[in-house]
Number of protein chains: 2
Amino acid sequence: MVVDQLRETELDRLFQAFADSTRRDIVRRVTGGEYSVSGLAALYAMSFAAVQKHVAVLERASLITKEKRGREQIVRGDHEGLQKARRLLDEYEQIWRQRAARMADILAEG
Amino acid sequence: MVVDQLRETELDRLFQAFADSTRRDIVRRVTGGEYSVSGLAALYAMSFAAVQKHVAVLERASLITKEKRGREQIVRGDHEGLQKARRLLDEYEQIWRQRAARMADILAEG
DNA sequence: CTGATCTACAACCATTTGGTTGTACAATAT
DNA sequence: ATATTGTACAACCAAATGGTTGTAGATCAG
């Protein structure tokens, strides 16, 4: 089948990125303001390197962007990734509602 | 911190479940109609056992339900899981919009 | 210049994931 | 009664994940 392979792996990365509570927290933080990588690292009970990896996962998933400023790397939320995820879930929701409507029709007729 | 540990692992499972294209396809299918596990397995180029595992992952994530009918196991979509995921992404979207609005204000003042 | 800070990246480890094959059992069909 | 079908589950394997420590290069402060 190979339906839209590019988009599929993109979605794999997107949802994989969300599948970790530390990463979800990072997204929440950087969506609300600016943080350096070490600024983020200070928030969690794990090594700097571990947080660095989480940030990398989020970056690959297009959920955040990094920008170098002096010796720091500033992390910001990337709105596009979020929109994409929401859009997909909207699709599912849509399909489900249609099915629910069909079921209601059948019950009404019977 | 340990914020709402139950909900966090729930979300871990939810997004983890979405992070695989086969599983996303299964969700689409069973949201649009009824399938047995073997009916689903026939659709993919992998073993029955592999599909069985995917279904188990989706079940643990509350994205589908199984119901025994004769010797078959009927798989259906579970609306609640989908709603939960959408709600979370809505939260992020909300935060982002607020931030975007603040930025616009600052630019207008400057 | 020197030392502290921020980042990047490699190597390593335990656990999980996504797949396989094989076995066993219940339900249906012949 | 027997064969087929649908499911469950265990054992196994390679690769990915989430963490660690250690090393090294930039940038900034004193």
Side-chain angles (χ1 to χ4, degrees), chain A residues 1-3 5 8-27 29-30 33-76, chain B residues 1-3 5 8-27 29-30 33-76:
Chain A
M1 204 170 279
V2 190
V3 191
Q5 189 57 49
E8 289 300 316
T9 54
E10 208 185 330
L11 288 173
D12 287 357
R13 283 191 200 140
L14 198 60
F15 286 114
Q16 183 58 43
F18 271 119
D20 180 282
S21 65
T22 301
R23 286 196 294 262
R24 286 194 299 274
D25 194 64
I26 291 176
V27 170
R29 303 261 188 185
V30 304
E34 279 185 5
Y35 284 82
S36 67
V37 178
S38 56
L40 286 170
L43 300 171
Y44 309 103
M46 67 184 75
S47 69
F48 174 83
V51 174
Q52 213 177 9
K53 280 192 187 181
H54 282 308
V55 170
V57 170
L58 291 169
E59 195 177 17
R60 265 183 57 115
S62 307
L63 285 171
I64 61 137
T65 58
K66 282 194 305 186
E67 188 195 348
K68 194 161 189 174
R69 195 159 74 193
R71 70 183 150 186
E72 293 187 331
Q73 199 81 256
I74 303 300
V75 181
R76 295 199 190 81
Chain B
M1 205 172 277
V2 189
V3 191
Q5 189 57 49
E8 288 301 315
T9 54
E10 210 185 328
L11 287 173
D12 286 357
R13 282 191 200 141
L14 198 60
F15 286 115
Q16 183 59 42
F18 272 119
D20 179 282
S21 66
T22 300
R23 285 196 295 263
R24 287 194 299 274
D25 194 65
I26 290 176
V27 170
R29 303 261 189 185
V30 303
E34 279 184 6
Y35 284 81
S36 66
V37 178
S38 57
L40 286 170
L43 300 170
Y44 308 103
M46 67 184 72
S47 69
F48 174 83
V51 173
Q52 211 176 10
K53 280 193 187 179
H54 282 308
V55 169
V57 169
L58 290 169
E59 194 177 16
R60 265 183 59 116
S62 306
L63 285 171
I64 59 137
T65 59
K66 281 195 305 185
E67 187 197 347
K68 194 160 189 173
R69 195 159 73 193
R71 69 183 151 187
E72 292 187 331
Q73 200 79 260
I74 303 299
V75 181
R76 296 198 190 81

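All chains are named by letter (A, B, ...) in the order of the sequence lines, taking the proteins before the strands, and each is independently numbered beginning at 1.
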In whole Å, I'd like the distance from the CZ atom of B:Arg60 to the C1' atom of D:dA8. 17 Å

Could you check how far CD of B:Glu59 sits from C1' of D:dT7, rounded to whole Å? 13 Å

Give every residue pair that meets the side-chain hydrogen bond (donor to acceptor under 3.5 Å, both in side chains) criterion with at least one member in residues 50-59 of chain B, sequence neighbours excluded. B:Arg23-B:His54

Holding to side chain to side chain contact (heavy atoms under 4.5 Å, CB included), I want the full list of residues that pass it with B:Ala50, two or more places apart in sequence or in another chain. B:Met46, B:Ser47

Looking at residues at least two apart in the chain, or sitting in another chain, which of them share a side chain to side chain contact (heavy atoms under 4.5 Å, CB included) with A:Arg24? A:Phe18, A:Ser21, A:Arg28, B:Glu8, B:Leu11, B:Asp12, B:Phe15, B:Leu88, B:Tyr92

With sugar-phosphate taken as primed atoms, P, OP1 and OP2 and all else as base, the protein-contact string of nucleotides 12-23 of chain D at under 4.0 Å (heavy atoms; B, S, -) is ------SBBB--

Euclidean distance, B:Leu43 CG relative to B:Arg29 CZ, rounded to 0.5 Å: 4.5 Å

In Å, rounded to the nearest 0.5 Å, how long is the span from CG of A:Leu58 to CZ of A:Arg13? 13.0 Å

Counting only side-chain N and O atoms of [X], is one of them less than 4.0 Å from OP1 or OP2 of [N]?
X       : N     : answer
A:Gln73 : C:dC6 : no
A:Gln52 : C:dA8 : yes
A:Ser38 : C:dT7 : yes

Heavy-atom check, side chain of [X] versus side chain of [Y], under 4.5 Å:
X       : Y       : result
B:Ile26 : B:Tyr44 : yes
B:Arg69 : B:Glu34 : yes
A:Thr22 : A:Asp25 : no

Heavy-atom closest pair, residues [X] and [Y]:
X       : Y       : value
B:Phe48 : B:Ala41 : CD1-CB, 3.8 Å
A:Ala17 : A:Leu63 : CB-CD1, 3.8 Å
B:Arg76 : B:Val30 : C-CG2, 4.0 Å

Start at the 5' end of DNA chain D and walk down; is the nucleotide closest to A:Glu72 or to B:Ile74 reached first? B:Ile74

Do any of residues 61-71 of chain B sit with a heavy atom less than 4.0 Å from DNA chain D, and if so which? B:Lys66, B:Arg71

Base-paired stems that DNA chain C participates in, counting runs of 3 or more Watson-Crick or G-U pairs under 3.5 Å: C:1-30 with D:1-30

